Chemist: 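One structure follows; several queries about it will come next.
Convention: sequence-line order gives letters A, B, ...; per-chain numbering from 1. Only a predicted model underlies this, so the values are computations on that prediction, with no experimental measurement involved.
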Amino acid sequence: MATMRRMEIAADSLYKAKLIRGFCHLYDGQEAVAIGMEAAITKKDSIITAYRDHCTFLARGGTLLEVFSELMGRQGGCSKGKGGSMHFYKKESGFYGGHGIVGAQVPLGVGLAFAQKYSKDGTVAFALYGDGAANQGQLFEALNIAALWDLPAILVCENNHYGMGTAEWRAAKSPAYYKRGDYVPGLKVDGMDVLAVKQACKFAKEHALKNGPLILEMDTYRYHGHSMSDPGSTYRTRDEISGVRQERDPVERVRKLLLSHDLATEKELKDMEKEIRKEVDVAIAQAKESPMPEPYELFTNVYVKGLGVEAFGPDRKEVRALLP
Amino acid sequence: MAAVFQGLGAATAFSVSNSLDSRKFLVSSRKSLSARKASFPVVRSDGSVVPRSNARVRRAEQLITNAVATKPDSSAASTTSKPGHELLLFEALREGLEEEMDRDPHVCVMGEDVGHYGGSYKVTKGLADKYGDLRVLDTPIAENSFTGMGIGAAMTGLRPIIEGMNMGFLLLAFNQISNNCGMLHYTSGGQFKIPVVIRGPGGVGRQLGAEHSQRLESYFQSIPGIQMVACSTPYNAKGLMKAAIRSENPVILFEHVLLYNLKERIPDEEYICSLEEAEMVRPGEHVTILTYSRMRYHVMQAAKTLVNKGYDPEVIDIRSLKPFDLYTIGNSVKKTHRVLIVEECMRTGGIGASLTAAITENFHDYLDAPIVCLSSQDVPTPYAGTLEEWTVVQPAQIVTAVEKLCQ
């Protein structure tokens with residue numbers, strides 16, 4: 001979690017230094033959800049989420065170098081620099097991304113669950129979405145489909161109470177997102193407590209494999225704005241943000257637990273954080289050095305098996321590629 | 001990828017000069033502008049092979065010796081007077097589907113009323129009884145989410161065939177088709193492939209009304225990462241269906257509502273049509289007529305009149321809507337120097353418009369006259385029969401256009 005926190009803060013400064021462009025949606029404050037979920041499941045289970053995916057990717061086995069390379073658009077990134085902040089994927093560990101369009105990942109998540117049921121491999125699919133996406137029609141369509149065929153899909157609403165700039169009570173008639181399933185049972189979980197999240201996800205996995213879909217609502221909070229272009233203070237007060245940071249911060253909570261149960265000393269934790277800071281800095285330095293993608297990469301991966309032709313850009317001179 | 005074959009009913013002999021041209025064209029610098037437009041045929045129908053990889057060549061040679069029933073040695077073996085079996089287009093689609101589902105357990109079908117009901121055009125009739133409810137899945141009426149579901153399943157390795165009951169309904173799934181289906185392979189840096197087939201009937205039917213007579217090929221053509229094909233005969237319907245299922249790329253297969261009851265004799269042996277190749281329907285000398293789907297039949301009807309009037313049109317069914325088979329089309333343009341495009345899409349932004357641009361960019365020097373594109377009018381399809389006839393291109397208009405073009 002501390003790594004994630006550091007990574008997101010570093011991404012913040014990289015964005016301000018214009019090394020990361022476009023959209024950058026930061027996850028700090030919500031780390032407990034990613035870590036808790038990962039602790040409860042295996043790499044064979046699938047996770048799919050929306051665009052706030054840096055930390056989930058890290059939890060699923062991605063490395064810091066891959067994250068920063070992708071954010072800066074370098075070749076070494078997890079999507080070869082062609083995806084960007086919103087399109088992190090890791091097929092080997094069952095992380096299906098990384099999706100820009102709000103809510104579109106939920107039918108995909110139900111599709112993952114369908115494939116799991118089809119091949120009968122006893123795994124589940126977690127489809128994460130936010131409180132803003134909870135009002136999308138495709139969500140209810142997907143929920144109906146999942147419930148109809150008892151697919152092992154777990155829909156997790158990461159409720160950070162703000163859909164970009166709109167508070168949840170201004171966007172939803174019923175902000176009790178876990179109750180919206182109607183015929184699908186729902187659980188509300190304290191998303192800032194990593195152990196609670198882990199328990200809930202463990203229970204959800206058992207439930208989904210036996211009885212079909214389940215909705216989990218994670219009550220969480222993000223410190224940054226919706227994305228880097230959003231200061232985050234026009235629709236909420238700074239007191240609110242600092243209040244949550246003081247009382248419910250997930251990293252602090254774990255730190256207090258470790259200290260009070262004598263599982264680690266103050267010094268060990270401080271050293272760990274220094275280590276993490278160094279790791280992050282090393283990864284950033286490495287990523288800054290890494291090369292940009294080659295021009296011919298513009299045309300690769302459009303089709304799986306290309307058409308065996310030579311492709312070139314508008315000037316017909318500089319960007320040329322021979323496709324497979 | 002797969003070998004291409006001449007349909008029994010569909011084509012006459014290919015001239016040998018085509019294979020020589022193919023070698024010349026390979027070397028020439030007149031390549032098309034972007035990857036999505038040009039293609040290399042793997043096998044010419046006269047048996048000459050343009051080798052791209054040893055494995056493919058070997059497979060192609062194997063398939064050649066088995067398939068074409070007009071060869072004298074294979075016809076002796078069949079018991080009926082003519083080889084192959086006769087069936088309707090929707091049955092051909094079903095046969096292709098069934099063969100692929102037998103061959104690969106990952107292939108599954110999902111759509112509205114495809115299971116117990118048997119499909120609104122009977123394409124999937126009987127399949128649910130044979131393969132079970134999970135493999136031939138009846139979905140609720142939620143195009144956006146079941147298309148998304150199919151794409152999600154494809155990310156893990158299944159090969160779903162998503163049926164839109166009418167192509168127009170797939171507009172509801174446009175986000176999933178464009179963003180997730182087309183782009184996921186690219187944005188994931190090649191990690192995920194999406195081997196889905198999205199199929200369904202489209203086009204103007206018999207007074208079905210505006211919303212059920214849509215031609216979606218014009219909307220989908222810009223999406224990067226997908227391939228689009230349109231079938232027009234039972235032979236190519238089965239071949240394209242099989243090729244689309246086996247393809248690793250997402251393929252959208254456009255069928256036409258009015259063509260489902262076409263009858264044709266197709267080979268008993270297994271065959272696949274190439275997804276990137278156009279079909280030479282009638283070779284000729286005076287003018288190249290490019291068409292696809294139902295308009296092929298209007299063109300052939302007009303061709304009869306034209307032949308009586310002394311013209312010799314070359315008719316090509318382009319079949320592959322994305323990427324265009326500029327190789328076949330180019331060779332034809334170089335021969336005839338005049339092009340007429342007959343399509344059912346709207347005038348603005350349709351397949352014909354793109355094809356006109358592509359041909360002009362690449363073959364401008366070979367054209368003796370500007371390209372004429374006959375397409376449907378830019379109006380919602382009216383209900384009244386006479387008005388509907390007026391929005392779609394009719395054979396008489398094709399004849400007039402050819403006469404004008406060949407002046």
Side-chain angles (χ1 to χ4, degrees), chain A residues 46 48 70 77-84 86-92 96-101 104-119 125 137-142 144-145 148-149 299-314 316 321 323, chain B residues 1 31-40 52 105-106 108 110 133-135 137 139-158 160 173 175-176 179-180 182-195 224-227 247-250 276 323:
Chain A
S46 323
I48 190 171
E70 185 64 34
C78 49
S79 304
K80 298 193 196 159
K82 296 200 275 200
M86 298 189 283
H87 298 287
F88 282 22
Y89 304 89
K90 201 163 183 68
K91 184 166 190 188
E92 316 82 69
Y96 290 85
H99 295 274
I101 304 292
Q105 75 276 12
V106 181
L108 288 185
V110 170
L112 298 174
F114 174 76
Q116 284 165 336
K117 178 158 186 149
Y118 193 97
S119 24
Q138 43 190 332
L139 214 117
F140 296 96
E141 292 179 17
N144 178 38
I145 286 180
L148 193 59
W149 301 316
F299 296 111
T300 55
N301 298 132
V302 178
Y303 293 110
V304 175
K305 182 203 136 286
L307 304 163
V309 295
E310 197 184 12
F312 37 78
R316 297 192 189 220
L323 300 180
Chain B
M1 208 173 132
K31 287 275 199 304
S32 68
L33 183 60
S34 77
R36 71 178 175 87
K37 286 183 189 159
S39 74
F40 286 166
R52 287 216 278 139
H106 289 114
C108 56
M110 51 183 78
D133 275 347
L134 202 64
R135 247 184 122 182
L137 196 60
T139 61
I141 304 178
E143 283 78 9
N144 197 357
S145 48
F146 73 71
T147 310
M149 186 175 98
I151 296 168
M155 282 168 95
T156 64
L158 288 192
N175 174 46
Q176 297 289 349
N179 290 331
N180 293 332
M183 300 193 193
L184 260 175
H185 187 66
Y186 190 86
T187 56
S188 67
Q191 287 181 66
F192 294 108
K193 48 183 189 41
I194 318 283
I226 59 164
Q227 283 187 254
S247 166
E248 302 293 341
N249 298 324
E276 296 104 15

Chemist: Only pairs of heavy atoms separated by less than 4.5 Å count here; which of A:Ala115, A:Gly83, A:Gly84 has the most with chain B?
Modeler: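 It is A:Ala115.
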
Chemist: What orientation do A:Phe114 and A:Tyr118 show, parallel under 30°, tilted 30 to 60°, or perpendicular over 60°?
Modeler: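 Rings of A:Phe114 and A:Tyr118: tilted, as their planes differ by 30° to 60°.
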
Chemist: Non-hydrogen atoms of chain A under 4.5 Å away: do they reach the side chain of B:Asn180, the backbone, both or neither?
Modeler: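 For B:Asn180, the side chain is the part near chain A, not the backbone.
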
Chemist: Name all residues meeting the ring-ring contact (aromatic ring centres under 6.0 Å, His included) criterion together with B:Phe146; count only those two or more places apart in sequence or in a different chain, and write none if there are none.
Modeler: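 Scan of B:Phe146 (ring-ring contact (aromatic ring centres under 6.0 Å, His included), adjacent residues dropped) gives none.
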
Chemist: Tell me which one of A:Val110, A:Val106, A:Asn144 satisfies side chain to side chain contact (heavy atoms under 4.5 Å, CB included) with A:Leu139.
Modeler: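 Option passing the side chain to side chain contact (heavy atoms under 4.5 Å, CB included) with A:Leu139: A:Val106.
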
Chemist: For chain B, which candidate among A:Gln116, A:Glu141, A:Gln138 shows the most heavy-atom pairs at distances under 4.5 Å?
Modeler: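 If we count pairs closer than 4.5 Å to chain B, A:Glu141 comes out on top.
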
Chemist: Quick check on B:Leu134 against chain A: is it the side chain, the backbone, both or neither that has a heavy atom closer than 4.5 Å?
Modeler: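 Answer is both: backbone and side chain atoms of B:Leu134 are under 4.5 Å from chain A.
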
Chemist: Under 4.5 Å, counting heavy-atom pairs only, tell me which of B:Leu158, B:Asn179, B:Asp133, B:Thr139 racks up the most with chain A.
Modeler: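 Going by pairs under 4.5 Å, I would pick B:Leu158.
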
Chemist: Kindly compute the distance separating CE (A:Met86) from OG1 (B:Thr187), expressed to the nearest 0.5 Å.
Modeler: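 Here the rounded value is 10.0 Å.
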
Chemist: Report the residues that fulfil salt bridge (charged side-chain N to carboxylate O under 4.0 Å, His left out) with A:Lys90, sequence neighbours left out, ordered by chain and then residue number.
Modeler: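 Listed in chain order: A:Glu66, A:Glu92.
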
Chemist: Are A:His99 and A:Tyr89 packed together at the side-chain level, in the sense that at least one heavy-atom pair is separated by less than 4.5 angstrom?
Modeler: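 Counting from C-beta outward, A:His99 and A:Tyr89 do come under 4.5 Å.
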
Chemist: Decide whether A:Lys82 and A:Thr300 meet the rule of one side-chain donor and one side-chain acceptor closer than 3.5 Å.
Modeler: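 A:Lys82 vs A:Thr300: donor-acceptor pair found between side chains.
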
Chemist: Identify which part of B:Met110 has an atom lying under 4.5 Å from any heavy atom of chain A, answering side chain, backbone, both or neither.
Modeler: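 Looking at B:Met110, just its side chain touches chain A.
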
Chemist: As an exercise, state the distance from CG of A:Leu112 to CE of B:Met149, rounded to the nearest 0.5 Å.
Modeler: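 Taking CG in A:Leu112 and CE in B:Met149, the distance rounds to 11.0 Å.
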
Chemist: Among the options B:Pro250, B:Gly182, B:Pro160, B:Cys108, pick out the one with the most heavy-atom pairs lying under 4.5 Å from chain A.
Modeler: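 Most heavy-atom pairs within the cutoff with chain A belong to B:Cys108.
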
Chemist: Heavy-atom distances under 4.5 Å only: say whether A:Ile101 touches chain B with side chain, backbone, both or neither.
Modeler: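 Answer is side chain: those atoms of A:Ile101 sit under 4.5 Å from chain B.
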
Chemist: So for B:Ile226, is it side chain, backbone, both, or neither that comes closer than 4.5 Å to the heavy atoms of chain A?
Modeler: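 Only the backbone of B:Ile226 comes within 4.5 Å of chain A.
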
Chemist: Could you tell me which portion of B:Pro105 (side chain, backbone, both or neither) has an atom closer than 4.5 angstrom to a non-hydrogen atom of chain A?
Modeler: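 It is the backbone, since no side chain atom gets that close.
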
Chemist: Quick check on B:Leu184 against chain A: is it the side chain, the backbone, both or neither that has a heavy atom closer than 4.5 Å?
Modeler: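 Answer is side chain: those atoms of B:Leu184 sit under 4.5 Å from chain A.
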
Chemist: For A:Ile48, is it the side chain, the backbone, both or neither that has a heavy atom under 4.5 Å from a heavy atom of chain B?
Modeler: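 When you check distances to chain B, no heavy atom of A:Ile48 falls under 4.5 Å.
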
Chemist: So, B:Gln176 and B:Thr147: side-chain donor and acceptor under 3.5 Å apart, yes or no?
Modeler: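 Side chains of B:Gln176 and B:Thr147: no pair found under 3.5 Å.
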
Chemist: Determine the option with the most heavy-atom pairs under 4.5 angstrom with chain A, choosing from B:Ala142, B:Pro224, B:Ser188, B:Gly150.
Modeler: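 Winner by heavy-atom pair count: B:Ser188.
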
